[in-house]
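Keep in mind that the numbers below use all heavy atoms, side chains included, and drop hydrogens, waters and symmetry copies. This structure is a prediction, so every number in the text was calculated from the model and none was measured.
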Amino acid sequence: MLASTPKTSKSRNVAVSLAVVLVNAILHSSIYLFLRDTNLPSVVYALLAIIWGVLGVYSIYWSFNWAVEQYPDIWKRRIQPFIFVGPAALLLGWLLLIPTLRTFYMSLMDAGTEKFVGLSNYAAVFTNRLLLTALRNNLMWVIFGATACICLGLLIAVLADRSSFERLAKGIIFMPMAISFVAAGVIWKFIYYYKPGDEQIGLLNAIVVAFGGEAQAFTSMLQPWNNLFLVAILIWMQTGFAMVLFSAALKGVPEDMLEAARIDGAGEIRIFRSIIIPAISGTILSVSTTIIVFTLKIFDVVMVMTGGQYDTEVVATQFYRQFFMYRNAGYGSTLAIVLLIAVIPVIIINLRQFRKQGGF
């Protein structure tokens with residue numbers, strides 16, 4: 001029997017790899033078609049989906065890894081990373097990249113996505129009064145909301161770490177994070193509640209009237225300050241998130257460095273500015289970019305509190321109205337792309353920071 005040549009071995013490995021891919025595709029497609037075309041109780045569907053999800057993913061990775069193991073070591077090292085990262089990358093491309101490209105295509109079309117209109121939708125975004133108001137409000141959320149969350153979170157983290165009631169204080173500040181933004185909007189709607197007359201059931205107006213003041217419609221009449229009352233809800237919820245991350249970073253600052261600075265006569269403010277801030281700069285950047293991205297996408301609070309009325313529209317609520325209520329797919333898609341463009345620089349900054357820290 002003749003020994004297999006390297007060329008024959010390579011062809012065999014390629015054939016085996018293609019066969020593994022083909023078998024997986026046929027097998028899982030058959031399971032999908034079977035589940036789709038059969039009428040089973042919902043509980044059985046759920047159980048089969050869980051079993052298929054777990055065992056199916058395991059079988060795919062196991063079979064792909066087995067096929068790669070047949071290759072020489074030099075090719076094995078090259079191909080194996082793609083076996084484990086490839087499916088996730090394909091899934092992300094399917095769920096994120098393709099919809100993004102489709103949304104961009106729709107942003108170049110008219111309301112019914114039937115006629116190509118070029119960049120006219122983008123020109124309208126920056127000339128339409130409602131859309132300009134939404135962009136202005138988003139900027140207010142970023143400037144006041146994100147800044148307040150970061151500053152308060154850092155301040156509370158520093159003070160709590162030096163307090164004997166550290167756990168209690170952090171627990172109270174972090175507690176709003178357990179509430180969804182919709183629930184928070186309902187809670188704060190009662191706090192800001194206003195009705196004409198002296199009898200007020202809204203907490204804030206009841207306090208104002210009790211001290212001899214006049215009740216105010218905080219979320220409607222006080223424009224554009226009503227946006228700041230909505231921003232306060234974000235600060236109430238996200239300060240705990242910033243505090244927890246800052247507190248963890250502060251505990252990583254070397255204590256001997258701080259003691260050396262105190263022995264040299266440095267005050268606490270100078271230590272904070274010259275030692276602590278540089279030591280946790282990576283965490284500050286990560287928290288900042290995370291909260292900024294979150295504020296750019298804010299939707300729930302505005303929708304629950306005002307429905308976007310009284311000049312409180314943000315880009316996300318305008319997107320919802322244009323796309324789902326007015327059926328203007330062109331405008332709606334354009335707003336989604338504008339929001340994506342606004343988020344991209346923040347993400348790039350975050351990725352660069354991860355790269356400096358050796359994240360990838």
Side-chain angles (χ1 to χ4, degrees), residues 134 136-161 163 165-194 202-207 218-220 222 224-250 280 283-320 339 342-343 346-347 350:
R136 180 206 69 185
N137 291 341
N138 263 105
L139 188 62
M140 289 179 63
W141 279 84
V142 171
I143 293 175
F144 295 104
T147 303
C149 288
I150 295 161
C151 294
L152 286 175
L154 182 56
L155 178 64
I156 294 170
V158 172
L159 296 177
D161 282 346
S163 170
F165 303 101
E166 177 183 354
R167 291 185 180 180
L168 177 62
K170 289 182 178 178
I172 293 173
I173 299 297
F174 187 76
M175 197 177 297
M177 282 290 296
I179 306 172
S180 69
F181 266 92
V182 174
V186 173
I187 292 170
W188 281 81
K189 197 167 187 177
F190 283 107
I191 293 176
Y192 289 145
Y193 187 83
Y194 163 81
L203 177 63
L204 189 56
N205 271 319
I207 295 172
F218 293 104
T219 59
S220 57
L222 300 176
W225 305 107
N226 53 349
N227 286 283
L228 296 180
F229 288 104
L230 300 183
V231 171
I233 304 173
L234 172 79
I235 298 170
W236 179 68
M237 294 194 68
Q238 292 296 304
T239 298
F241 165 76
M243 176 204 66
V244 168
L245 296 184
F246 286 142
S247 181
L250 288 170
I280 64 171
T283 304
I284 293 175
L285 182 60
S286 298
V287 172
S288 301
T289 52
T290 302
I291 295 179
I292 288 172
V293 169
F294 191 85
T295 53
L296 286 171
K297 300 186 299 179
I298 197 71
F299 172 80
D300 316 61
V301 170
V302 178
M303 209 64 189
V304 171
M305 294 291 293
T306 64
Q309 301 179 76
Y310 316 115
D311 284 344
T312 60
E313 290 274 16
V314 289
V315 174
T317 57
Q318 266 297 315
F319 161 75
Y320 173 80
L339 197 57
V343 169
V346 181
I347 295 175
N350 223 0

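- Using a 4.5 Å cut-off on side-chain heavy atoms (C-beta onward), Phe246 and Ile150 make contact.
- When side chains are defined from C-beta on, Trp188 does not count as touching Thr219, because their heavy atoms never get closer than 4.5 Å.
- The backbone N or O of Glu313 lies less than 3.5 Å from no partner atom in the side chain of Thr317, so there is not a single donor-acceptor pair.
- Taking Phe299 as the reference, Tyr320 meet the ring pair (Phe, Tyr, Trp, His ring centres under 6.0 Å) condition, with sequence neighbours excluded.
- How far CG of Leu139 is from OG1 of Thr295: 10.0 Å, rounded to the nearest 0.5 Å.
- Residues satisfying the side-chain contact (heavy atoms from CB on, under 4.5 Å) criterion with Ile187, sequence neighbours excluded, are Ile179, Ile191.
- With contacts defined as side-chain heavy-atom distances shorter than 4.5 Å, the pair Met237/Val301 does not qualify.
- With sequence neighbours left out, the ring pair (Phe, Tyr, Trp, His ring centres under 6.0 Å) criterion links Tyr310 to no other residue.
- Between Leu339 and Phe319, every side-chain heavy-atom pair lies at or beyond the 4.5 Å cut-off.
- With sequence neighbours excluded, the residues satisfying salt bridge (charged side-chain N to carboxylate O under 4.0 Å, His left out) with Asp311 are Arg129.
- Judged purely by atom type and a 3.5 angstrom limit, Thr239 has no side-chain atom pairing as donor or acceptor with the backbone of Trp236.
- Nearest heavy-atom pair, Ala242 versus Gly153, reported as atom, atom and distance to 0.1 Å: CB-CA, 4.1 Å.
- Atom CG of Leu296 sits about 6.0 Å away from atom CG of Asn138, to the nearest 0.5 Å.
- Checked against side-chain hydrogen bond (donor to acceptor under 3.5 Å, both in side chains), Thr312 has the following partners two or more places apart in sequence or in another chain: Thr306.
- Between the OG1 atom in Thr147 and the CD1 atom in Ile291 there is a gap of 9.5 Å [rounded to 0.5 Å].
- Inter-residue side-chain proximity for Val244 and Lys170 is flagged as unmet; no heavy-atom pair is nearer than 4.5 Å.
- Of all heavy-atom pairs between Tyr193 and Asn205, the closest is O-ND2, 3.0 Å.
- Gly145 approaches Leu234 most closely through the heavy-atom pair CA-CD2, 3.9 Å.
- For the side-chain hydrogen bond (donor to acceptor under 3.5 Å, both in side chains) test, no residue two or more places apart in sequence or in another chain qualifies with Ser220.
- By the side-chain contact (heavy atoms from CB on, under 4.5 Å) test, Leu250 pairs with Ala157, Val158, Asp161, Ile276, Ile280, sequence neighbours left out.
- The two residues Ile235 and Phe144 come nearest to each other via the heavy atoms CD1-O, 4.3 Å.
- In this view, Gln309 satisfies the side-chain hydrogen bond (donor to acceptor under 3.5 Å, both in side chains) rule with no residue, not counting sequence neighbours.
- Scored by the side-chain contact (heavy atoms from CB on, under 4.5 Å) test, Leu159 finds Leu155 as partners (sequence neighbours excluded).
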side-chain contact (heavy atoms from CB on, under 4.5 Å) assessment of Leu203 paired with Ile207: CA-CA 6 Å; Leu203 177 63; Ile207 295 172; 4.1 Å; yes
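- The side-chain hydrogen bond (donor to acceptor under 3.5 Å, both in side chains) check on Thr290 picks up nothing, with sequence neighbours excluded.
- A distance of 11.5 Å separates CD1 of Ile284 from CG of Leu245, quoted to the nearest 0.5 Å.
- A search for ring pair (Phe, Tyr, Trp, His ring centres under 6.0 Å) contacts involving Trp141 returns nothing, not counting sequence neighbours.
- The main-chain N or O of Phe181 is never found under 3.5 Å from a side-chain atom of Asp300 such that the two would form a donor-acceptor pair.
- For Met177, the side-chain contact (heavy atoms from CB on, under 4.5 Å) partners are Phe174, Gln238, Phe241, not counting sequence neighbours.
- Side-chain atoms of Phe229 and Met305, non-hydrogen and from C-beta on, never get closer than 4.5 Å to each other.
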